[in-house]
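A quick write-up on the structure given underneath.
Atom set for the values below is all heavy atoms of this structure, side chains included, hydrogens, waters and symmetry mates excluded. Keep in mind that this is a model prediction, so the values were computed, not measured.
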Amino acid sequence: MNALCAELERTWHTEIPISAAMGISVVEFTNDVLVVRADLAPNVNVHGTAFAGSLYAIAALCGWGMTWLQLKSRAIDGSIVIANGNIHYAAPVQQAIVATCRFEGAAQDTAMARLVSAGKARFNLSCSIAAHEREAALFTGEYAVRLNRPDPRPA
């Protein structure tokens, strides 16, 4: 799994360049749980806490990364876009930003089966950011995935 996580980080940093500037990295991935981290320093606001836009972006990337890892671990070639996202900020974050996303349940299994059979599906994911052992922000996102299929037109 380490090679897959390293590939995810390379993909983020090359395809979504701001992720490199934010310093986002994979901490852990175990089948249905992804944990990512970013230092506070490049994501700080005028109050010395995490910038709200950074929290949103890191959480959104965590969900995107979870979707990407689920596709890769199943050898599915698909394009992922975030179709909808919302975040609730409950408390300031004054340390490294750590986001956790879970991919579990019957709804995810149903969406994955729909993706394989219909060529497209949407995955609803939540990503939590903790601070001082409590939830500081909760992001909910809808990730649309479409299978990449070869162009049937002659070359």
Side-chain angles (χ1 to χ4, degrees), residues 1-40 42-43 50-88 93 95-131 135-155:
M1 228 21 95
N2 287 339
L4 200 54
C5 291
E7 185 182 348
L8 171 59
E9 283 186 29
R10 277 191 307 277
T11 300
W12 274 337
H13 296 171
T14 58
E15 301 295 323
I16 308 167
I18 196 163
S19 67
M22 296 173 75
I24 190 169
S25 63
V26 175
V27 173
E28 177 183 8
F29 172 62
T30 53
N31 299 325
D32 63 353
V33 178
L34 173 63
V35 180
V36 303
R37 179 186 189 284
D39 288 334
L40 179 62
N43 298 291
F51 175 61
S54 290
L55 294 175
Y56 183 98
I58 291 164
L61 284 167
C62 187
W64 189 96
M66 173 58 88
T67 306
W68 187 92
L69 288 164
Q70 293 300 323
L71 295 178
K72 291 291 184 182
S73 66
R74 291 170 171 81
I76 297 172
D77 182 24
S79 294
I80 308 162
V81 296
I82 186 164
N84 191 18
N86 187 39
I87 193 164
H88 172 72
V93 177
Q95 70 268 353
I97 302 162
V98 178
T100 303
C101 183
R102 298 183 189 286
F103 190 93
E104 56 194 2
Q108 304 306 0
D109 294 338
T110 300
M112 193 61 72
R114 187 177 319 109
L115 176 62
V116 171
S117 66
K120 63 182 181 176
R122 291 183 179 233
F123 297 86
N124 293 303
L125 297 173
S126 295
C127 301
S128 177
I129 295 176
E135 188 173 86
L138 179 63
F139 173 87
T140 54
E142 181 181 33
Y143 297 85
V145 179
R146 181 178 300 273
L147 292 181
N148 293 327
R149 300 193 179 178
D151 190 343
R153 297 174 291 187

Next item on the list: Walk me through it: do Leu4 and Trp68 pass the test side chain to side chain contact (heavy atoms under 4.5 Å, CB included)?
Entry: CA-CA 10 Å; Leu4 200 54; Trp68 187 92; 4.1 Å; yes
Next item on the list: Determine, stepwise, if the pair Arg102 / Asp32 fulfils side chain to side chain contact (heavy atoms under 4.5 Å, CB included).
Entry: CA-CA 5 Å; Arg102 298 183 189 286; Asp32 63 353; 5.8 Å; no
Next item on the list: Applying side-chain contact (heavy atoms from CB on, under 4.5 Å) between Thr67 and each of Leu34, Ile82, Leu125, Val81, report the one that passes.
Entry: Leu125
Item checked: Nearest non-hydrogen partners of Ile129 and Leu55, listed with the distance -> CD1-O, 3.5 Å
Check: Parallel, tilted or perpendicular: which fits the ring planes of Phe123 and Phe103, with parallel below 30° and perpendicular above 60°?
Finding: tilted
Next item on the list: Return yes if some donor-acceptor pair links the side-chain N/O of Glu135 with the main-chain N/O of Ser128 below 3.5 Å, else return no.
Entry: no
Checklist line | Check against side chain to side chain contact (heavy atoms under 4.5 Å, CB included), Ile76 and Met112 | finding: CA-CA 10 Å; Ile76 297 172; Met112 193 61 72; 3.8 Å; yes
Next item on the list: Supply the atom-to-atom distance Ile24 CD1 to Cys62 SG, rounded to the nearest 0.5 angstrom.
Entry: 7.0 Å
Note to self: For the CZ atom of Arg37 and the CD atom of Gln95, what is their distance to the nearest 0.5 Å?
What the structure shows: 9.5 Å
Notebook entry, point to check: If you draw a 6.0 Å radius around CZ in Arg74, do more than 12 non-hydrogen atoms from other residues or ligands fall strictly inside?
Noted result: yes
Next item on the list: Start with the C-alpha gap between Leu115 and Leu71, add the side-chain angles, then the distance that decides, and say whether side chain to side chain contact (heavy atoms under 4.5 Å, CB included) holds.
Entry: CA-CA 10 Å; Leu115 176 62; Leu71 295 178; 3.4 Å; yes
Check: If only atom types and distance count, is the side chain of Asn43 paired as donor or acceptor with the main-chain N or O of Met22 below 3.5 Å?
Finding: yes
Check: Does a donor on one side chain sit under 3.5 Å from an acceptor on the other, for Ser79 and Asn148?
Finding: yes
Next item on the list: Identify the heavy atoms of Cys101 and Met66 that sit nearest to each other, and give their distance.
Entry: O-CE, 3.3 Å
